[in-house]
Amino acid sequence: MVHLNDYYFAHFFKKHTGLSFGKYLAKIRLEKAKRMILTSNKPLTEIAIDCGFCNVKMLYRVFKNAEGCSPSEYRQSKMREQKSNLSNEKLNVKSYNNNRREIQYTQYIAAIDDRAVLNEPYNGSPYGSGIKDINVTENIGQSVKVSFNSDKHGKPFVHYWKKLICAGRAAEGLREQWRNQLREIQRELKFEYIRFHGIFHDEMMVYDEKDGIPFFNWKYVDSLFDFLLEIGLRPIVEFGFMPDSLKSGDKTVCWWKGNVTPPSDYSKWAKLVRELVVHCINRYGRAEVLKWYFEVWNEPNYSDFWAGSREDYFKLYKYTAEAVKSVDPRLKVGGPAIFEGYREDMSWMEDFLAFCENNNLPVDFVSYHYYPTSSAVDENGNTLILYNDENSTYMGLKRLKNVVMRSGFKDAEIIIGEWNSSFSPKDFVHDTMYKAPFVIHNVLKCSGIVDALGWWVFSDIFEEFRLDNRAFSGGFGLVTVHGLKKPAYYGYWFLSKLGTEEIDSGDCYFVTRKDDSIQILMWNYCHYNTKFSAGDRSGLTQYSRYEIFDEKSFMSGLRLQV
């Protein structure tokens with residue numbers, strides 16, 4: 001159980017909301033009760049319990065103080081008001097706008113306490129399509145006007161971000177807590193594929209030798225793959241790391257010690273790869289496995305993850321790709337899963353693609369990792385994380401796309417197998433509200449450049465380093481170790497509600513259509529300030545995480561013209 005300091009929480013909450021937590025909670029309950037009173041026929045006793053009041057007397061007391069009437073009188077007066085409005089030949093625009101503001105505010109407050117509110121589609125005015133100009137709020141400060149023709153034919157909009165989500169390593173997927181979190185994510189967000197490390201790590205117990213003869217054990221692999229397919233996820237099978245019986249050295253990476261040395265015997269490595277692929281086809285069927293992706297290693301250009309040379313990796317790729325294709329040439333194999341975006345140096349990727357082309361090797365998909373950061377060492381020997389500008393992800397993926405299009409593999413899929421706002425698993429930024437607009441801003445900006453943009457990772461159950469005790473330790477995840485959904489999660493949640501036809505878009509809004517409904521997504525993206533971007537992290541602490549952003553007025557004004 002996590003215990004937050006009551007004093008800190010109370011002051012933090014009031015500072016950022018202007019209300020004490022008790023008053024805020026009472027307001028949520030009251031607004032939810034008002035909504036249920038107006039939209040349901042439930043008895044007041046049931047509404048009181050559903051909204052968190054201890055009994056109906058408490059509901060009456062709160063209602064009387066806030067509204068000056070009882071819940072029953074409130075219901076009757078609102079019903080009379082609605083009948084009066086509907087009897088008018090033409091709805092007064094001013095009273096309509098005031099009514100919409102009240103409804104939208106009520107929905108916003110209720111959404112915090114009742115997620116079902118967020119799942120209710122809003123298809124325009126409840127009074128029909130006669131009103132074309134909707135002034136949702138008073139124009140105070142910065143205002144944004146969104147104008148579009150609702151009858152206009154848009155262009156297809158692919159939810160490409162749903163293609164891939166990532167996890168830490170295979171063995172974590174044997175735990176029930178990890179699985180429960182992934183089930184919940186799939187229930188709401190519905191990703192298609194998942195990528196992770198360590199399918200050949202010794203904790204998965206897949207490979208051993210006796211008197212030099214290899215033997216295989218797929219029990220844990222089966223348990224993991226069975227679960228993933230059960231919840232609608234297919235694996236991108238990353239071949240790695242090196243089993244102890246096949247290693248050529250002792251170098252390891254991560255707390256769980258994945259061996260990163262080349263195989264001592266490339267033929268035995270190829271046999272291991274082939275046996276896994278054959279086993280998966282026998283268990284899940286050829287038609288199913290033909291939809292999977294098989295990736296060769298992880299970040300071989302980074303010495304922490306590959307102890308061999310570039311040429312050693314090219315050799316590994318050759319043996320692996322040929323082993324996969326020997327089972328069925330239609331199976332998808334690719335790589336090199338490198339991470340070098342912030343250096344703006346694509347020579348490693350260019351050399352890999354040239355090697356494969358010159359040696360007639362398949363590259364069905366090109367995999368790559370991108371983090372919009374870089375690093376430097378200060379005068380004291382400390383490593384600094386430097387944060388690039390807000391267009392960094394877009395520019396990095398464009399550079400990759402250009403390299404692939406100039407190669408002999410321009411038809412290959414481009415899969416970003418890792419992506420986040422930084423490469424650190426202990427970056428307090430990961431837990432801030434910044435991450436929701438970060439996700440939305442970059443996913444929509446990069447649409448059409450790549451085929452998959454895989455978020456690294458779905459959960460803070462992630463053990464490249466020892467697990468942190470703190471509830472909000474700056475982990476990569478969409479959810480915390482304890483299952484709390486973080487702002488990045490809701491970035492994906494809002495994206496998942498968009499339609500499949502793009503009608504209009506701008507710097508801070510995106511308009512789509514799905515069937516007969518229109519979806520408008522708006523966000524307020526604020527980037528880091530210059531000081532923080534340059535590596536000065538003094539403004540970012542466990543208890544203060546919002547002094548590092550450039551100030552930008554919130555979009556308090558919105559005018560829709562449809």
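- Here the CG atom belonging to Leu164 is positioned 11.5 Å from the CG atom belonging to Asp451, to the nearest 0.5 angstrom.
- Between Phe476 and His430, the ring planes are tilted. Angles from 30° to 60° get that label.
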Original post:
Given the rule in the ring-ring contact (aromatic ring centres under 6.0 Å, His included) test, do Phe225 and Trp292 qualify, once you have shown the distances and angles that lead to the verdict?
Top reply: CA-CA 11 Å; Phe225 286 176; Trp292 297 12; 5.3 Å; yes

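- Heavy atoms only, all atoms of each residue included: Thr512 and Phe157 are closest at CG2-CD2, 4.1 Å.
- Just one residue in the list Arg183, Lys485, Lys162 forms a salt bridge (Lys or Arg N to Asp or Glu O under 4.0 Å) with Glu188, and that residue is Lys485.
- Salt bridge present: Glu413 and Lys163 bring a charged side-chain N and a carboxylate O closer than 4.0 Å.
- Taking the charged nitrogens against the carboxylate oxygens, Lys271 and Glu275 do have a contact shorter than 4.0 Å, which makes a salt bridge.
- Using cut-offs of 30° and 60° for the angle between ring planes, the His441 and Tyr525 rings count as parallel.
- Classified by interplanar angle (parallel below 30°, tilted 30° to 60°, perpendicular above 60°), the ring pair Trp419/Phe438 is parallel.
- Electrostatic pairing of Glu184 and Arg187 counts as a salt bridge here, judged by a charged N lying under 4.0 Å from a carboxylate O.
- Looking at Leu484 and Phe472, their side chains come closer than 4.5 Å, going by heavy atoms from C-beta outward.
- Counting non-hydrogen atoms of neighbouring residues, nucleotides and ligands closer than 6.0 angstrom, the CG atom of Asp507 reaches no more than 12 such neighbours.
- The pair Arg537-Asp427 counts as a salt bridge, with a side-chain nitrogen and a carboxylate oxygen less than 4.0 angstrom apart.
- Trp455 places none of its side-chain heavy atoms less than 4.5 Å from the side chain of Phe191.
- Checked for salt-bridge contact, Asp460 and Arg470 miss the test: no charged N lies under 4.0 Å from a carboxylate O.
- Across every non-hydrogen atom of Phe458 and Gln181, the tightest pair is CE1-CB, 4.0 Å.
- Taking both residues in full, the closest heavy atoms of Ser505 and Phe510 are given as CB-CD1, 3.5 Å, listed atom of the first, atom of the second, then distance.
- Here the side chains of Ser375 and Ile385 are not in contact, with every heavy-atom distance at 4.5 Å or above.
- A distance of 10.0 Å separates CH2 of Trp456 from CZ of Phe196, quoted to the nearest 0.5 Å.
- Taking 4.0 Å as the cut-off between side-chain N and carboxylate O, Glu172 and Arg169 count as a salt-bridged pair.
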